[in-house]
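These figures come from a predicted structure and were not determined experimentally. Lettering follows sequence order; numbering is per chain, from 1.
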Amino acid sequence: MPELPEVEVVRRGLVRWVAGRTIAEAEVLHPRAVRRNEGLLADQLKGRAIRSAERRGKYLWLPLSDGDDALLAHLGMSGQLLVVPPESPAEKHLRVRLAFTDGGPDVRFVDQRTFGHVLVTPMAGNVPKVIAHIAPDPFEPVFDAAIFADRIRKRRTGIKRALLDQSLISGVGNIYADEALWRARLHWARPTETLSRPKIADVLAGAREVMTEALGQGGTSFDSLYVNVNGESGYFDRSLAVYGRRDEPCPRCGTPIRREAFMNRSSYSCPKCQPRPRNARW
DNA sequence: CGACTCTCCTGGGTGC
DNA sequence: TGCACCCAGGAGAGTC
């Protein structure tokens, strides 16, 4: 499942392949992949050059020449942006294909579960207009830890729900939320308004550390659904402390990791290091 | 505005 | 072997 480190791996892989190249043809093979796009993507992209590859949180975009807009992508759960030779056969779940005027490798958006999407959208300052409501991610210079802590403390919800709220902090998904909370020794249902500023700083530090480590190992992958632009999986799943490790020993204290249902998904935590608060909220 | 739920999707795994 | 389920969620839309 692509979260910030996985999307960053894709961005880094993509930028060296696409910067400066001109799109000869864009082909949409599944309408759902462009459901947020206004107009015809193929017409909007034909003849445009890609300037670079940028990212905020889990969103990735390719600024385009001849206008102040960009090709924006979100990988959803199973989306991939692959760089492959133009003659290679269509992938089973190929949704959008970009061919280039230089005859070099295609960029292909492949997505089994179609939660991901791509669209051409105008920029609003430094980010695409349609993601202006997303908060900076914790690796951006403009991310303000004090503002983040204030906003967390004003919420009336559980800390994990707040971490997953992309308007408070972007880039954190289910995996790294669980890992950050384990590092900060906090239960996911801890009410946000009961957290001290230092404790919020611990969570933020945990999130930054675990995502930095994951990035260093090429991201996390549990199966072949998340891959970099060359189709390779990351190795960070070997380093996860709690996510997906029900009944395995906590790396810190040895207590078996528990799995709890939360928002129609799973939360993994250590019962001893992360005791459930009496005033749990979610 | 904030809190929360519902919904979209496919294929691998599981139990009978 | 077949089939009915369950599960993985990110985030926009909608409700209150």
Item checked: Whole-Å gap separating P (B:dT10) and CZ (A:Phe115) -> 10 Å

Margin query: Under a 3.5 Å cutoff, is there a donor and acceptor pairing between the side chains of A:Trp188 and A:Glu260?
Written below: yes

Next item on the list: Taking only the side-chain nitrogens and oxygens of A:Arg161, find out if one of them lies under 4.0 Å from OP1 or OP2 of B:dC4.
Entry: yes

Next item on the list: Please tell me which of A:Gly158 and A:Arg265 maps to the more 5' nucleotide of DNA chain B, matching each residue to the nucleotide holding its nearest heavy atom.
Entry: A:Gly158

Check: Just wondering, more than 12 heavy atoms not from A:Lys199 lying within 6.0 Å of its NZ?
Finding: yes

Checklist line | Closest nucleotide among C:dG12, B:dT10, C:dG10 to the A:Tyr59 side chain | finding: C:dG12

Notebook entry, point to check: Please give, in whole Å, the distance from C:dA11 P to A:Lys160 NZ?
Noted result: 14 Å

Next item on the list: Return no unless some side-chain N or O of A:His74 is found under 4.0 Å from OP1 or OP2 of C:dA11.
Entry: yes

Checklist line | Short side-chain N/O contact from A:His93 to OP1 or OP2 of B:dG11, under 4.0 Å | finding: yes

Next item on the list: Check if the side chain of A:Arg155 and the base of B:dA3 share a donor-acceptor pair of N or O atoms closer than 3.5 Å.
Entry: no

Check: Taking only N and O in the side chain of A:Tyr176, is any of them less than 4.0 Å away from OP1 or OP2 of C:dG10?
Finding: no

Margin query: I want to verify a distance call: between B:dT5, C:dC7, C:dG10, whose nearest atom is closest to the A:Glu3 side chain?
Written below: C:dG10

Check: What is the distance from CG of A:Leu119 to P of C:dA11, rounded to the nearest Å?
Finding: 14 Å

Check: Between atom CZ in A:Phe262 and atom C1' in C:dA8, what is the gap in whole Å?
Finding: 15 Å

Check: Are A:Phe148 and A:Ile134 in one and the same hydrophobic cluster, where Ile, Leu, Val, Met, Phe, Trp and Tyr link if side-chain heavy atoms are under 4.5 Å apart?
Finding: no

Margin query: Using OP1 and OP2 only, check whether a side-chain N or O of A:Gln112 sits under 4.0 Å from B:dG11.
Written below: no

Margin query: From CD1 of A:Ile169 over to C1' of C:dG10, roughly how many Å is that when rounded to an integer?
Written below: 16 Å

Notebook entry, point to check: Taking only N and O in the side chain of A:Thr157, is any of them less than 4.0 Å away from OP1 or OP2 of B:dC4?
Noted result: yes

Next item on the list: Look at A:Arg32 and B:dT7 and indicate whether a side-chain polar atom (N or O) is within less than 4.0 Å of OP1 or OP2.
Entry: no

Next item on the list: Measure from CZ on A:Arg246 to P on B:dG13 and round the result to the nearest Å.
Entry: 16 Å

Notebook entry, point to check: If you pin A:Arg151 and A:Met263 to their nearest nucleotides in DNA chain B, which one's is more 5'?
Noted result: A:Arg151

Margin query: Is the terminal nitrogen or CZ of A:Arg11 (NZ for Lys, CZ for Arg) located under 6.0 angstrom from the six-membered ring centre of A:Trp61 and within 45° of that ring's axis?
Written below: no

Item checked: Distance under 6.0 Å and angle within 45° of ring axis: A:Arg95 vs A:Phe109 -> no

Note to self: Distance check needed: C:dA8 P versus A:Asp111 CG, whole Å only.
What the structure shows: 18 Å

Checklist line | Heavy-atom check, side chain of A:Val7 versus side chain of A:Tyr59, under 4.5 Å | finding: no

Notebook entry, point to check: Using a cut-off of less than 4.0 Å, is there contact between a side-chain N or O of A:Ser266 and OP1 or OP2 of C:dA8?
Noted result: yes

Margin query: What's A:His30 touching, base or sugar-phosphate or nothing? Going by heavy atoms closer than 4.0 Å.
Written below: nothing

Item checked: Closest to side chain of A:Arg259, choosing from C:dG10, C:dA8, C:dA11 -> C:dA8

Margin query: In whole Å, I'd like the distance from the CZ atom of A:Arg35 to the P atom of B:dC8.
Written below: 12 Å

Next item on the list: Return the nearest nucleotide to the side chain of A:Lys92; candidates are B:dG11, B:dC4, C:dG12.
Entry: B:dG11

